[in-house]
Each structure stands twice: as structure tokens, then as C-alpha cells.
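Have a look at the structure below before the remarks.
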Protein chains: 2
Amino acid sequence: MAKLQKSIDKRNALVKATIELVNNNGFHATPMSKIAKMANVSPATIYLYFENKQDLVNQTYIEVKAEYTKYAFETYDESMSVEAGFELIWKRIADFKLKECENAMFLAQCDNTPMIDELSRQQGIKHLQPLLDLWTRGKEEGIIKPLSEYLLYAYAINPLSFLMITQKRGAFQLDKTHLEEAYQSAWSSIKVCK
Amino acid sequence: MAKLQKSIDKRNALVKATIELVNNNGFHATPMSKIAKMANVSPATIYLYFENKQDLVNQTYIEVKAEYTKYAFETYDESMSVEAGFELIWKRIADFKLKECENAMFLAQCDNTPMIDELSRQQGIKHLQPLLDLWTRGKEEGIIKPLSEYLLYAYAINPLSFLMITQKRGAFQLDKTHLEEAYQSAWSSIKVCK
DNA sequence: TGACAAAAAATGAATGTTCATTCTTTTTTA
DNA sequence: TAAAAAAGAATGAACATTCATTTTTTGTCA
């Protein structure tokens, strides 16, 4: 197993370097040579693990996205009430975006630019299904507004990305209090007002 | 004035080409030669109007941002009630994002990547002041939740960018009905619940 | 166990291309 | 006709990818 172990370490180092460099400079301003240097590897070695630069970024995206959704739904279970389930998932997502800031920033950049193949993007979206199902249930129970998934996502989840980017720029600090306020805003935007 | 007129046309053509190409390919995948070709100009001519590529993009950003905020606040006046003022501004912004889709996409891309100088970004933010003032007034009157401006922006305005990008990708069509629903979500996320 | 050859992995240097920017010449304007 | 504007071609740097070698690993047999 020694060989395989070693390979995985290098691959991980490459993925990690890609995330860090793309976060700070963007896709096209990140040369393969720098990725190689940061991963302590020769540029040529990258091509043993990835087809080319596009493939490296696509694979990185898919991996990080999978990590993200795994974390988001890890403690969720479908027997929960809609409101409790939503709060749980929302707070896990918020948690991820604050703790795994680098990873989350990378996803945000991928989601907002033409950096990723459409195919890889589609793959990344699939994992959100449990949240979409929760919303469907909430609509049936009359707890959640009867809105399109895109609208629900835009108001309930997407603002977290904006807050994370703003925080990264240093303009603003997202602490415990703000987080609870943000949650309340998210919930009020999608719940049915009694 | 003939000379100046001609110059302004060329400058505008360059700015327009920049927006279109950067929208579709991103900053670094947009060569000066293509911008020149799309504007029917020699590459060398760009340097008569702009210092370099970074300057071209910075100036384009600042111009589009100014256009955007001008449109947003054109019909607003400070004597309006908080709720009416917010609805008006929100709908103007939504309108801009749908009608001037190219311009709005360009701003979204600039706001989400390290493509623009920090200085130019700061310049762009200033113009939002009337909205921030409206929110301050709303908080004083107990109509708007006592949240940080960043939180208010994240829930009241930013979701429109997400919806615009999603629409551009073709996954979803933002029609009149959706727009009204989106407005209601925005307003419920920031208003004080009675 | 240890030595060694075949295979795999890794490397640094080369290759060819793309691109921002500049230079020299031509065209347009006044 | 002098000055300004524009052009196309040239320059040099940066980069993704490949190539020819070197290093490391693996499996085999004494």
C-alpha cells in the first residue's frame, strides 16, 4: 500500500494548492508551475494525476462540493420536523462556510464564474437533494412558502455565501450573534407568515 | 468636436466589448486582441484610451456600477416612507438586473472574484449610500430589523444576483410572478415582524 | 534476507503557443 | 503640412503541456 498512499498524499497536496491559489488569484492567474511548487512536486507530475488544468479544477470542485454537502447533511435525518430540519441543515452549512472558509470560498468562486465545466457543475448540484426534499415537505405541510426551489435557495442559503465573501474581505465579522440573526432572516424569508 | 465624438464612440465600443467577453470567458481568458477585434479597433489603439488591461477593466467596472446605482435611485426620493422607498428601490434594482442583464452579470463577476482592484471596488460601493440611509431610517422607526448593513444587504438585495445568474444559465425563468414573490421574501427577511 | 532488473513514478528542461504591450509606419484631422 | 490618431507587425515574457532522463518501487530468485 505504500505506493498508493504516497500517490494520494500528492494528489491531496495538489488539490489543496489549487484551492488556495485559485482563491487568491483566480483560475487563469494560477499557473500550473505555482500549483506544482506549492505542492512540492514537479509541474510534469501534475499530469500523472490529472489530464490537464481544466480537469484538475473540475475534480477539485467535485471533491470539495461533495465534502460540503456531506457535512451539511451529516446530522440530518428525515424524521425531523421541517422547521427543526431546516435549522439544523442551515446551521451546518453556516458552520462549514465559517470553519472551512478556504473550501467554501473556492466553491463560491466556481459557482459564480465560467471556470468549471457545465457537466461538473451539474454533478455538484445533485447532492443538495435532501434540502430540496425538505422544502417540498414543508410546502405540503403549509409551513414553507410555495415558491420555486431557486427562490427558496436564493433567500435561505445563498446569502451565506455573500456574508462569507464579505467577511473574507475583512469588512465585517460574522460572530455568533450575527449568525443567529442571519438564521432568523433566512427563516423569515421562506416560512409562511401566520 | 468631431474628433472627440469619434473617440467616445471607440471608448464605448471597447467598454462594451470588454463586458461581453469578460462575461462569457472571464477576465484572464479575454485577450486584448479579441476585445480590439470586437470593437473594430487595432490592439494598439486600446492603449490610447486605457493604460493597460487592468485599467480597462477597472474603468469598465466603475462606469457600469455608476450606471447601475443611477438607475436604482433615479425615481427614489427621501420623502417616501421606508416601506414604499424600499419597494421602489428594490424593484428598480430587479429591473436593471433583468433588462441590463449583460451589465449586471459583469458586476456580479467583478464582485465575486479578485478581478478588480480593491480601490475600484471601494469606489463602486459608495454609490449605495441612499439605500443604507433608508435602512437606518427604517431601523429608527422600528420598521426594519436592527441588523448590520451587511446582513440587510445579504438578504434584501444579494439574492437578486443569484437569481440573475441562475436565469442566465437557463435553469429557471424569472417572470413577473416570481419577481413579486422574490420581493415579498426580501421584505419579510428584513422587516420587523409584528 | 538481500540483490537486482523491470516497471512505475517523478523530474527538469524543452517546446510551441498565446498574449500584453510597444514600436514604427500609415492614415486622418485640423 | 504639422500634429494627432490609428494601425499592423514585432517583441519578449508567461504559460500549459510534452519529452527524455533519472529516481523509486516492486516482485523475483539466490
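Since the model is a prediction, treat every value here as computed from it, not as a measurement. We name chains A, B, ... by the order of the sequence lines, and we start the count at 1 in each one.
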Main-chain N/O of V64(A) paired to N103(A) side chain as donor or acceptor, under 3.5 Å: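 Such a contact is absent between N103(A) side chain and V64(A) backbone.
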
Heavy-atom donor-acceptor pair, D55(A) side chain to F50(A) backbone, under 3.5 Å: no

Measure [atom1]/[X] against [atom2]/[N] and give the value in whole Å, please.
{"X": "F50(A)", "N": "dT17(D)", "atom1": "CZ", "atom2": "C1'", "answer": "16 Å"}
{"X": "K10(B)", "N": "dA4(D)", "atom1": "NZ", "atom2": "P", "answer": "17 Å"}
{"X": "I8(A)", "N": "dA9(C)", "atom1": "CD1", "atom2": "P", "answer": "13 Å"}
{"X": "I46(A)", "N": "dC15(D)", "atom1": "CD1", "atom2": "P", "answer": "13 Å"}
{"X": "L48(A)", "N": "dT18(D)", "atom1": "CG", "atom2": "P", "answer": "12 Å"}
{"X": "D55(A)", "N": "dA16(D)", "atom1": "CG", "atom2": "C1'", "answer": "14 Å"}
{"X": "K37(A)", "N": "dC15(D)", "atom1": "NZ", "atom2": "P", "answer": "11 Å"}

Which atom of V41(B) lies closest to which atom of K10(B), heavy atoms considered: CG2-CD, 3.7 Å

Those residues that, when tested against F27(A), pass ring-ring contact (aromatic ring centres under 6.0 Å, His included) (two or more places apart):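 F27(A) satisfies ring-ring contact (aromatic ring centres under 6.0 Å, His included) with no residue once adjacent residues are dropped.
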
Contacts of Y76(A) that satisfy ring-ring contact (aromatic ring centres under 6.0 Å, His included) - sequence neighbours left out: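 With sequence neighbours excluded, Y76(A) shows a ring-ring contact (aromatic ring centres under 6.0 Å, His included) to no residue whatsoever.
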
Salt-bridge criterion met for E118(B) and R121(B) (N-O under 4.0 Å): yes

Would you tabulate the side-chain donor-acceptor contacts of residues 163-171 of chain A under 3.5 Å, counting partners in other chains and residues two or more places apart, or write 'none'?
residue	atom	partner	partner atom	Å
T166(A)	OG1	F162(A)	O	2.7
Q167(A)	OE1	Q173(A)	NE2	3.3
Q167(A)	OE1	L174(A)	N	2.8
R169(A)	NH2	D111(B)	O	2.9

Pairs under 3.5 Å (N/O, protein and nucleotides 18-22 of chain C):
residue	atom	partner	partner atom	Å
dA20(C)	OP1	T30(B)	O	3.4
dA20(C)	OP1	M32(B)	N	3.4
dA20(C)	OP1	K53(B)	NZ	2.8
dA20(C)	OP2	M32(B)	N	2.5
dT21(C)	OP2	Y47(B)	OH	2.7
dT21(C)	OP2	K53(B)	N	3.0
dT21(C)	O5'	Y47(B)	OH	3.3

Aromatic ring proximity, centroids under 6.0 angstrom, F172(B) and H178(B):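 Yes, ring centres under 6.0 Å apart.
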
Inter- and intrachain pairs under salt bridge (charged side-chain N to carboxylate O under 4.0 Å, His left out), touching residues 174-187 of chain A, at least two apart: K91(A)-E180(A)

Under-4.0 Å side-chain N/O to phosphate OP1/OP2 contact, T45(B) with dA7(D):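 For dA7(D), OP1/OP2 do have a side-chain N/O of T45(B) under 4.0 Å.
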
Residue-level proximity of residues 17-25 of chain B to DNA chain C when a heavy atom falls under 4.0 Å: none

